[in-house]
2 protein chains.
Amino acid sequence: MNKLDAVIKHAEQQCKTNGARLTDKRKQVLSGLVQSNKALSAYELVDYCETAFSARIPAMSVYRILDFLESEHLVHKLNIANKYVACAHISCDHAHGTPQFLICKKCSTVKEVSISQSTILELKQTVTDADYQLISPQLEINCLCAQCA
Amino acid sequence: MNKLDAVIKHAEQQCKTNGARLTDKRKQVLSGLVQSNKALSAYELVDYCETAFSARIPAMSVYRILDFLESEHLVHKLNIANKYVACAHISCDHAHGTPQFLICKKCSTVKEVSISQSTILELKQTVTDADYQLISPQLEINCLCAQCA
DNA sequence: AATAAAATGTTATGTTATAACATAACCTAT
DNA sequence: ATAGGTTATGTTATAACATAACATTTTATT
């Protein structure tokens with residue numbers, strides 16, 4: 001089974017478990033992100049669905065679908081780029097922690113990496129010391145990929 | 001001397017050293033950021049200059065001015081919020097490293113903090129291992145401030 | 001089949017940002 | 001002092017990202 005099918009199957013299963021539905025359009029949007037090697041904007045996903053599936057999904061719907069996929073932890077929003085990526089661990093069985101992203105500023109390719117628990121703890125401590133409350137320790141780091149560098 | 005005057009004086013000196021000019025409009029935009037306790041968007045700065053100085057600066061110019069102030073290291077862009085803050089260290093004499101920001105997602109108040117050198121080194125190593133190249137180790141962390149929490 | 005809930009469509013508009021070209025302000029060398 | 005280049009700002013248009021509000025369609029359940 002290829003990667004895409006495996007991911008979609010896992011995603012479907014996961015939605016079912018949560019009593020949510022992975023509809024055709026949601027599958028199409030998720031496919032776009034899984035197949036892409038880089039982060040895509042909502043409007044790029046509109047184009048992808050049109051091209052790949054002849055499905056004309058309005059931008060508004062894509063945003064809603066992205067919200068849904070995020071809520072199911074199938075997709076991450078990269079705030080520094082205003083783009084979206086599929087979670088790199090959809091078809092892993094183990095649960096996974098907070099993702100960290102290296103984002104190529106030129107071409108939007110993304111690598112989802114892990115930093116050590118101790119570093120995360122230190123960041124949390126820094127936040128606590130500053131009298132702030134952490135929403136998510138997701139880090140997004142501006143980089144250049146090997147290609148673009 | 002109050003904080004604002006001190007900052008502007010330092011900023012002026014710093015620009016002079018670099019052969020750059022801190023014009024009136026640039027001062028006004030910088031003032032807006034220094035006086036604000038939170039990050040502001042370019043359009044909020046347009047409003048600020050109108051209100052505070054009766055200076056109608058077009059959005060286009062504010063963006064250019066922000067670019068300039070960034071290039072002089074007087075201002076930081078917070079990419080996850082699409083807003084801008086004055087550098088917290090303009091009137092410090094010592095040079096300072098890469099800034100890290102805690103950003104309140106509700107009200108955009110910002111705290112500029114430092115993380116340990118060892119953490120920064122670990123992040124750099126993570127990036128290198130992933131065959132990426134770091135543009136800047138600036139971290140921006142989504143939080144809630146004490147007020148909003 | 002009737003109903004309620006969920007998903008999607010539609011239209012309008014808000015927000016952030018840049019492109020392209022015009023004009024004004026300011027140095028600096030003659 | 002002024003001609004000519006450089007820097008700064010103005011103007012207009014438009015691109016790119018995002019949400020609000022309300023309508024319709026689809027799906028699941030009784």
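To find a chain, count down the sequence lines: A is the first, B the second, and so on, and within it residues start at 1. Everything numeric here is computed off the predicted structure, so don't read it as measured data.
A donor and an acceptor atom, one from each side chain of A:E122 and B:S116, are located under 3.5 Å apart. Using a 3.5 Å distance cut-off with no hydrogens or angles, the side chains of B:Y84 and B:S36 do not pair a donor with an acceptor.
Nearest nucleotide to the side chain of A:Y43, out of C:dT16, C:dT8, D:dA18: D:dA18. Of the candidate nucleotides C:dT16, D:dT9, C:dA6, C:dA6 has the atom nearest to the side chain of A:R21. Which of C:dT16, C:dT8, C:dG9 sits closest to the side chain of A:I57 comes down to C:dG9. Relative to the side chain of B:K83, the nucleotides C:dT16, C:dT8, D:dG10 differ in distance, and C:dT16 lies closest. In this structure, the nucleotide among C:dT18, C:dT8, D:dT19 sitting nearest to the side chain of A:Y63 is D:dT19. Taking every side-chain heavy atom of B:M60 into account, C:dA19 is the closest of C:dT10, C:dA19, D:dC17.
A sub-4.0 Å separation between OP1 or OP2 of D:dA18 and a side-chain N or O of A:N82 is present. Contact check, A:K77 against D:dC17: no side-chain N or O comes under 4.0 Å of OP1 or OP2. The side chain of A:T23 contributes no N or O atom lying less than 4.0 Å from OP1 or OP2 of C:dA7.
B:R64 places its CZ atom 13 Å from the C1' atom of C:dA17, with the value rounded to the nearest Å. Across the protein-nucleic acid pair, A:I65 atom CD1 and D:dC17 atom C1' stand 17 Å apart, rounded to whole Å. The interatomic distance linking B:L40 (CG) with C:dA17 (C1') rounds to 17 Å, in whole Å. The interatomic distance linking B:R56 (CZ) with D:dT9 (C1') rounds to 14 Å, in whole Å. Rounded to whole angstrom, the span from the NZ atom of B:K16 across to the C1' atom of C:dC26 amounts to 15 Å. Distance, B:Y84 OH to C:dA17 C1': 8 Å, rounded to whole Å. Between B:L45 atom CG and C:dT16 atom C1' the separation is 13 Å, expressed in whole Å. When rounded to the nearest whole Å, the span between CG of A:L22 and C1' of C:dA7 equals 13 Å.
For A:H76 and A:F101, the gap between ring centers is short of 6.0 Å.
Connection of B:I103 to A:I103 is established within a shared hydrophobic cluster, with ILVMFWY side chains joined at heavy-atom distances below 4.5 Å, either directly or through further cluster members.
Where B:D24 and A:D67 each meet DNA chain D at their nearest nucleotide, the meeting point lying more 5' is that of B:D24.
In this structure, CD on B:E72 lies 4.5 Å from CG on B:N18, to the nearest 0.5 angstrom.
If you check every strand for non-hydrogen atoms under 4.0 Å, A:R26 touches sugar and phosphate atoms only.
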